[in-house]
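Just so it is clear, the structure is predicted and the values come from calculations on it, not from any experiment. For ligands, and for the atoms within them, numbers begin at 1 and follow the listed sequence. The figures that follow rest on heavy atoms only: side chains count, while hydrogens, waters and symmetry mates do not.
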Amino acid sequence: MPIVKSVSRAVTQLLQSPGCGCGISVVPVRCLGISPRQVASDASFHSVSFSESEHPRVLITGGLGQLGVGLAKLLRKRFGKNNVILSDIRKPADDVFYSGPFIYSDILDYKNLREIVVNNRITWLFHYSALLSAAGEANVPLARAVNITGLHNVLDIAAEHNLRLFVPSTIGAFGPTSPRDPTPDLCIQRPRTIYGVSKVHAELMGEYYHYRYGLDFRCLRYPGIISADSQPGGGTTNYAVQIFHDAIKTGKFQCDLKPDTRLPMMYIDDCLKATLEVMEAPAEALSMRTYNISAMSFTPEELAQEVQKHVPELQVTYNVDAVRQAIADSWPMNFDDSNARKDWGWKHDYDLPELVTTMFSFLGSDSRIAQAN
Ligand SMILES: NC(=O)c1ccc[n+]([C@@H]2O[C@H](COP(=O)([O-])OP(=O)(O)OC[C@H]3O[C@@H](n4cnc5c(N)ncnc54)[C@H](O)[C@@H]3O)[C@@H](O)[C@H]2O)c1
Ligand SMILES: C[C@@H](O)[C@H](N)C(=O)O
């Protein structure tokens with residue numbers, strides 16, 4: 001009985017510790033050969049494996065999607081071109097391939113991923129590979145594999161090699177029973193998409209590895225991200241990117257969500273800025289490991305009105321996609337990001353008018369008018 005009591009006391013202390021299980025931390029190591037092994041970790045809770053005067057050595061998984069190339073550009077500016085490796089399972093375009101290191105990496109191949117981390121002495125990992133909400137509903141087994149099994153591989157390798165790990169979560173990690181206006185950091189999370197379920201799993205597993213093994217896990221819940229020079233992949237918020245391209249190319253846009261569907265959105269520069277800021281924030285500043293970040297919320301109708309200020313002849317029609325609409329109706333309408341603002345000074349730069357002006361200056365709003373003439 002006394003043994004049972006002291007074991008339970010030790011477990012209770014671990015669970016209640018404010019984040020440091022250092023005394024007994026053991027990192028999980030996969031089967032090497034035939035027997036599973038556990039190796040005592042010297043990972044200290046707040047440290048990373050490069051000296052503060054050096055730049056981190058960065059790996060980005062799933063880097064050829066909407067966000068990865070822009071992230072690589074930002075990080076290379078800060079840490080040097082050769083310190084940031086983009087990876088994906090797709091073939092990069094020439095300009096991406098020649099802009100800095102690129103490597104093939106399938107996150108479902110644990111040994112290959114580990115080899116890349118070891119051979120390149122990676123210290124920071126940004127885990128961007130995923131199937132997004134609509135793509136996930138179209139192929140649940142693949143979404144489960146990439147978003148859940150892939151995350152497990154990344155977590156184990158990050159813990160084993162003492163990496164600082166960033167995993168993005170999403171407004172999609174909330175569901176119809178969450179408070180939607182606004183949605184705080186801590187509340188009911190019962191999403192109804194495989195994407196949302198996998199992201200809640202990622203948040204919880206990352207935080208568990210943080211408390212259990214000392215993994216330096218950091219996570220932001222992104223809103224729908226809007227970018228000019230990269231295409232979104234399989235998301236419910238895609239309409240908010242497509243409208244710009246269609247306004248310029250054809251002057252006609254068919255929206256797959258209802259005109260009054262309000263969702264949190266963000267311009268890509270703000271998203272990437274927040275990502276770098278939270279990764280550089282001192283550990284002591286982080287009262288949590290998963291934060292909401294927010295910039296603006298709008299409906300398709302409100303976005304269309306703002307776009308029409310630049311392309312007045314734009315015609316918008318609505319042809320609602322039932323799957324995407326059901327997903328959007330279960331997501332937050334407004335995001336409460338007060339903890340991010342308080343803890344590490346998060347502040348967005350782009351509101352709706354600024355976003356629309358920036359998108360058109362990037363895409364060249366005159367080109368459609370020029371083509372039409
Ligand atoms: N874009 C958004 O609006 C948004 C919003 C919230 C969160 N996020 C999150 O940010 C991250 C990046 O989003 P994105 O918009 O760039 O996604 P995306 O769909 O555009 O790109 C995902 C990338 O993952 C790659 N991938 C798929 N399977 C893989 C595998 N087995 N191994 C390695 N790579 C694989 C794909 O080839 C693709 O290039 C994702 O985790 C996403 O959930 C994005
Ligand atoms: C919101 C986000 O996670 C993604 N853009 C999606 O719509 O699936």
Side-chain angles (χ1 to χ4, degrees), residues 59-72 86-93 96 102-110 112-113 116 125-139 142-154 165-174 183 191 193-203 206 219-227 229-242 256-257 261 263-268 270-272 274-275 290 292-295 297 321 323-325 327-328 330-332 335:
L59 177 67
I60 303 171
T61 68
L64 295 185
Q66 186 190 2
L67 307 184
V69 173
L71 179 68
L86 260 181
S87 72
D88 207 301
I89 53 173
R90 295 193 278 147
K91 196 160 117 181
V96 174
F102 176 85
I103 202 162
Y104 171 88
S105 170
D106 181 345
I107 53 155
L108 295 174
D109 184 344
Y110 174 81
N112 172 248
L113 191 58
I116 291 168
L125 198 157
F126 294 79
H127 177 46
Y128 269 7
S129 315
L131 259 68
L132 271 56
S133 57
E137 291 313 292
N139 192 342
L142 184 62
R144 200 179 64 179
V146 173
N147 295 9
I148 298 178
T149 307
L151 173 90
H152 292 169
N153 288 343
V154 167
L165 174 64
F166 179 84
V167 179
S169 186
T170 162
I171 50 173
F174 297 93
T183 304
T193 58
I194 186 64
Y195 178 61
V197 168
S198 70
K199 289 295 188 180
V200 176
H201 180 72
E203 293 176 8
C219 175
L220 296 179
R221 296 194 189 102
Y222 294 163
I225 306 302
I226 297 164
S227 57
D229 59 350
S230 57
Q231 291 293 329
T236 301
T237 58
N238 286 18
Y239 89 86
V241 177
Q242 196 57 41
D256 55 18
L257 295 181
T261 309
L263 290 170
M265 300 278 186
M266 182 177 281
Y267 185 56
I268 187 166
D270 272 340
C271 165
L272 301 180
T275 303
T290 302
N292 293 349
I293 50 165
S294 177
S297 275
D321 177 292
V323 173
R324 286 172 194 250
Q325 187 65 48
I327 293 173
S330 73
W331 282 359
F335 231 19

L113 side chain reached by D109 side chain, heavy atoms, under 4.5 Å: no
For F174, ring-ring contact (aromatic ring centres under 6.0 Å, His included) partners two or more places apart: F335
Residues that Y239 engages under ring-ring contact (aromatic ring centres under 6.0 Å, His included), provided they are two or more places apart: none
Heavy atom of the protein closest to atom 5 (N) of ligand 2 (residue, atom name, distance): T237 OG1, 2.8 Å
Within-shell test, Y222 vs ligand 2, heavy atom, strictly < 4.0 Å: no
Nearest protein heavy atom with distance in Å, relative to atom 2 (C) of ligand 2: T170 OG1, 3.6 Å
Aromatic ring pairing F126/F166, orientation class (parallel under 30°, perpendicular over 60°, tilted between): tilted
Beyond-backbone contact of P168 with Y128, side-chain heavy atoms, under 4.5 angstrom: yes
Side-chain heavy-atom pair S105, N112 within 4.5 angstrom cut-off: yes
Pairing residues for Y195 by the ring-ring contact (aromatic ring centres under 6.0 Å, His included) criterion, not counting sequence neighbours: none
Top protein contact for atom 7 (O) of ligand 2, by heavy-atom distance: T236 N, 2.6 Å
Quick one: ligand 1 N/O to protein N/O pairs below 3.5 Å?
residue: ligand 1; atom: 1 (N); partner: Q66; partner atom: OE1; Å: 2.8
residue: ligand 1; atom: 3 (O); partner: I225; partner atom: N; Å: 2.9
residue: ligand 1; atom: 16 (O); partner: Q66; partner atom: N; Å: 3.0
residue: ligand 1; atom: 16 (O); partner: L67; partner atom: N; Å: 2.9
residue: ligand 1; atom: 19 (O); partner: G233; partner atom: O; Å: 3.4
residue: ligand 1; atom: 20 (O); partner: Q66; partner atom: N; Å: 2.8
residue: ligand 1; atom: 31 (N); partner: D106; partner atom: OD1; Å: 2.9
residue: ligand 1; atom: 32 (N); partner: I107; partner atom: N; Å: 3.0
residue: ligand 1; atom: 34 (N); partner: S129; partner atom: OG; Å: 3.2
residue: ligand 1; atom: 37 (O); partner: D88; partner atom: OD1; Å: 2.7
residue: ligand 1; atom: 37 (O); partner: R90; partner atom: NE; Å: 3.1
residue: ligand 1; atom: 39 (O); partner: G65; partner atom: N; Å: 3.3
residue: ligand 1; atom: 39 (O); partner: D88; partner atom: OD2; Å: 2.7
residue: ligand 1; atom: 39 (O); partner: R90; partner atom: NE; Å: 3.3
residue: ligand 1; atom: 39 (O); partner: R90; partner atom: NH2; Å: 2.8
residue: ligand 1; atom: 41 (O); partner: Y128; partner atom: O; Å: 3.2
residue: ligand 1; atom: 41 (O); partner: K199; partner atom: NZ; Å: 2.9
residue: ligand 1; atom: 43 (O); partner: Y195; partner atom: OH; Å: 2.6
residue: ligand 1; atom: 43 (O); partner: K199; partner atom: NZ; Å: 3.1

R324/E137 salt bridge by N-O under 4.0 Å criterion: no
Top protein contact for atom 8 (O) of ligand 2, by heavy-atom distance: S133 OG, 2.6 Å
